[in-house]
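Lettering of chains follows the sequences in order, A, B, ..., and the numbering in each one begins at 1. Please read these numbers as outputs of a predicted model, since none were measured by experiment.
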Amino acid sequence: MRLSQYILPTQKEDPSDAQVSSHRLMIRAGLIRKEAAGMYAYLPAGLRALRKVTAIVKEEMDKAGAMECLMPELTSADLWKESGRWESMGPEMFRIRDRNSMEYALGPTHEEAFTALVRSVVSSYKDLPVNVYQINTKFRDEIRPRFGVIRSKEFIMKDAYSFDVDQNGLDLSYDKMASAYRAIFDRCGLETIPVQADSGTMGGSASEEFMVASEVGEETLLICRECGYSANQEKAGFKREDNVAGEVAELREVHTPNIKTIDDLAAFFKCEKKVFLKTIVFVADGEAVVAVVTGDRDINETKLKSFLGAAELEQADDKTVESVTGSAVGFAGPVNCDAKRIVFDYGVAQVQGAITGANKTDYHFAGVHPGRDFVISEEADIVEAIDGDLCPECGKPMITRKGIEVGHIFKLGKKYTESMKVNVLDNNGKAVVPLMGCYGIGVTRTLAAVIEQHHDEKGLIWPKAVAPFDVHLVGIGKSEGEKAAIDEVYTALLSDGLEVLYDDRKLSPGVKFADADLLGLPVRITCGKSYFQDGELEIKIRKTGEQLTVKPDVLAKKIREIIAGLDRE
RNA sequence: CGGGGUGUGGCGCAGUCCGGUAGCGCACCUGGUUUGGGACCAGGGGGCCGAAGGUUCGAAUCCUUUCGCCCCGACCA
């Protein structure tokens, strides 16, 4: 491709609205343009890179036995009503009506669509297993799109759905996807960390996320370097240290005017935060529920929600808190609390002489003992694991890392096949409900993640497999004869099957070199002075900065060697 | 949805406090000189200052409303 005839609008300056490297560089290197918040256009070079990623995804999916389909983006409300998600999905689903007022959603995900499709084509256990997938645009009305293509309102996702007659089959399908995912991310040049994840509202048992470690990641992971345990903070457990905090004391009421937060209380009582019992009121599926944790910990709402088995969980508003505790917000406590359900974190039992709200405005209790002053009715792990907590597997301290979620695989079980009445006959002629798995890869986000992991201060450094072109040919010729000679080099590389971006623009060399560094193709060839004088072409490897010169007859061969050797550690 | 910020040529910004009809750098066009790490000289084109309303002799600037965008939070497979 001749750059003089190509759209590659590179920019010298960073766009003012880009915060993260991938976003900044994708704009600057002319790969994408913003259309509106959370909506991006892919320009030719950006699309080429995106196609490389999708090609890898396809190849590995097909290799794992999955079959590509293409589902409509417009999905009828009826489909969603079958599974119940028309109601439960919430405002992140774009809903529209046609001229006859028929309701539709722009597909945010396609469990229903694929389940309905498979339902219509399978009838016997002999038809299973099947694994169907598509690479298609998803629409989600994100509360806050950000980080360019990493969290946008419209993005490309590969979503696959497996259907099996029994648990064994599902396990097998799931494992196949798990290894296909490893191969996909590996080929894209991405280092991913597979982590255990909460299966959330999707239901189902096992769930694994593929995270790319990155400062700008929106998820926090807990990782044990000792035994390899890794989990999303939403789900991560940790081993409790067994030492009792606080000292034995008599229960007494203390006047604490307007002192509500743990920080204020710690200052007032001059004690460690962990001897306080933090008591928070939630509303779970419409019912008030009280959660109690030690003052040094944050409640993990995902854990609480899954312990309660609730579909919806939110912090109670002030009015609800007042009616549950009989006091102003900030003075809730487990003593004399008449809430129907109180969930205690495991850490609570280890505190004695605790300080906690008295359910009376401007008063706290000190010297509170679990068991003596209140009953631990329900106990669970409902707090967030943090950096330094002990690994639940091996007991060694864990570290935290930020990560971008690029893939997620789930064992869904019968959640959709049951509600949408899918069944097949087994070998006894009896109807059985197939078990489902679902497997997603954020394709556009994967591209951004690749860039997050592969760039320097000058620009991108593409891994070979996803680079929009193999070679960046920089021509520095003055006379017509020189230009013709460079054209010949270009043509020769093309006929050798290499993907070449040829900078034939009438610009000064510095500009061309800077653009080449910015776009970051694996190999740069400079064809200029040394070629016209000594017949030597210069090769520069973007990743290492290494330079060498070769004669034109071995150029293509040398390039192939270099590219083949790239991305090896 | 709450808090904060911002909107001025394609991009990055100044001008707004203190009202007088818009400027800088980059990019772009023409001619010339240049050409191995973001060249130089000369000339040139392009903006109803996010939108609407108001105050005023006069508004990018003051007031009101509104919209977009960005950040933090809430929220969110």
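Within the structure, every side-chain polar atom (N or O) of R151(A) is placed at least 4.0 Å from both OP1 and OP2 of C76(B). OP1 or OP2 of C71(B) lies within a sub-4.0 Å distance of a side-chain N or O belonging to R144(A). Taking 4.0 angstrom as the limit, K305(A) places none of its side-chain polar atoms (N or O) nearer than this to OP1 or OP2 of C75(B). Checking the phosphate oxygens (OP1, OP2) of C13(B), a side-chain nitrogen or oxygen of S16(A) falls inside 4.0 Å.
Distance check on atom C1': A22(B) versus C48(B) gives 13 Å, rounded to whole Å. Taking atom C1' on both G36(B) and G31(B), the two are 26 Å apart, rounded to the nearest angstrom. Comparing the P positions of G3(B) and A77(B) gives a spacing of 25 Å, expressed to the nearest Å. Spacing of P atoms, C70(B) relative to G23(B), comes out at 31 Å, to the nearest Å. Taking atom C1' on both nucleotides, C63(B) is separated from U56(B) by 12 Å, rounded to a whole Å. Taking atom P in both U6(B) and U61(B), the straight-line distance is 15 Å, to the nearest Å. Rounded to the nearest Å, the gap between the P atom of A51(B) and that of G45(B) is 24 Å. Rounded to whole Å, the separation between the P atoms of A60(B) and C75(B) comes to 44 Å.
Following rounding to the nearest Å, L8(A) (CG) and G10(B) (C1') show an atom-to-atom distance of 16 Å. Rounded to an integer number of Å, the gap from CG of D503(A) to C1' of G37(B) is 13 Å. Rounding to whole angstrom units, CG of residue D515(A) and C1' of G38(B) are separated by 9 Å. Taking atom CD of Q315(A) as the reference point, atom P of C76(B) lies 12 Å away to the nearest angstrom. Going from atom CZ of R33(A) over to atom P of C11(B) covers 8 Å, rounded to whole Å.
Base pairing of C49(B): no nucleotide in any strand meets the Watson-Crick or G-U wobble criterion (both distances under 3.5 Å). Across the strands present, U33(B) finds its partner in A39(B); the criterion is a Watson-Crick or G-U wobble pair with both atom distances under 3.5 angstrom. The partner of G20(B) is C57(B), judged by Watson-Crick or G-U wobble contacts that both fall below 3.5 Å. As the counterpart of C69(B), G5(B) is assigned, both hydrogen-bonding distances of the Watson-Crick or G-U wobble pattern falling under 3.5 Å.
For the pair I404(A)/E219(A), no side-chain contact is recorded, criterion being any heavy-atom separation below 4.5 Å from C-beta on.
For A37(A), whose side chain is taken as the heavy atoms from C-beta onward, the closest listed nucleotide among G38(B), C70(B), A77(B) is C70(B). The nucleotide whose nearest atom lies closest to any side-chain atom of D17(A) is, among C75(B), U35(B), C69(B), C69(B). Nearest nucleotide to the T526(A) side chain, out of A77(B), G36(B), U35(B): G36(B). Closest to the side chain of E301(A), out of C75(B), C70(B), A77(B), is C75(B). Closest approach to the V511(A) side chain among C69(B), A77(B), G38(B) is made by G38(B) (side chain taken as heavy atoms from C-beta onward). Counting only heavy atoms from C-beta on, K34(A) has its side chain closest to C69(B) among G36(B), C69(B), A77(B).
For H23(A) and Y40(A), the distance between ring centers is under 6.0 angstrom. In this structure, Y161(A) has its ring center no closer than 6.0 Å to that of Y439(A).
In this model, a side-chain donor or acceptor of E111(A) finds a partner on the base of A77(B) within 3.5 Å. A donor-acceptor contact under 3.5 Å is not formed by the side chain of K458(A) with the base of G38(B). In terms of polar N and O atoms assigned as donor or acceptor, the side chain of R524(A) comes within less than 3.5 Å of the base of G37(B) in a complementary pairing. Side chain D517(A) to base G37(B): a donor-acceptor pair is found below 3.5 Å.
A search for ring pair (Phe, Tyr, Trp, His ring centres under 6.0 Å) contacts involving F147(A) returns nothing, not counting sequence neighbours.
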Pick out the pairs of N or O atoms, protein on one side and nucleotides 23-34 of chain B on the other, that lie under 3.5 Å.
residue, atom, partner, partner atom, Å
G25(B), N2, E13(A), OE1, 3.2

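Remark: the T400(A) side chain and the D387(A) side chain contain an N/O donor-acceptor pair separated by less than 3.5 Å. In this model, no donor atom of one side chain and acceptor atom of the other lie less than 3.5 Å apart for E154(A) and T137(A).
Comparing E142(A) and K540(A) along RNA chain B, the residue whose closest nucleotide (by nearest heavy atom) sits nearer the 5' end is K540(A). Comparing A36(A) and R28(A), the nucleotide of RNA chain B nearest to each residue sits closer to the 5' end for R28(A).
Nearest approach of P91(A) to D141(A), heavy atoms of both residues: O-CB, 3.5 Å. The minimum heavy-atom distance between I27(A) and R33(A), with the atom names listed, is CD1-CA, 4.5 Å.
D14(A) comes within 4.0 angstrom of sugar-phosphate atoms only, judged by non-hydrogen atoms across all strands, and of no base.
Ion pairing of D504(A) with K483(A) is absent here, as no side-chain N (NZ or NE/NH1/NH2) approaches a carboxylate O to less than 4.0 Å.
Here the CG-CG distance, from L460(A) to D517(A), works out to 10.5 Å after rounding to the nearest 0.5 Å.
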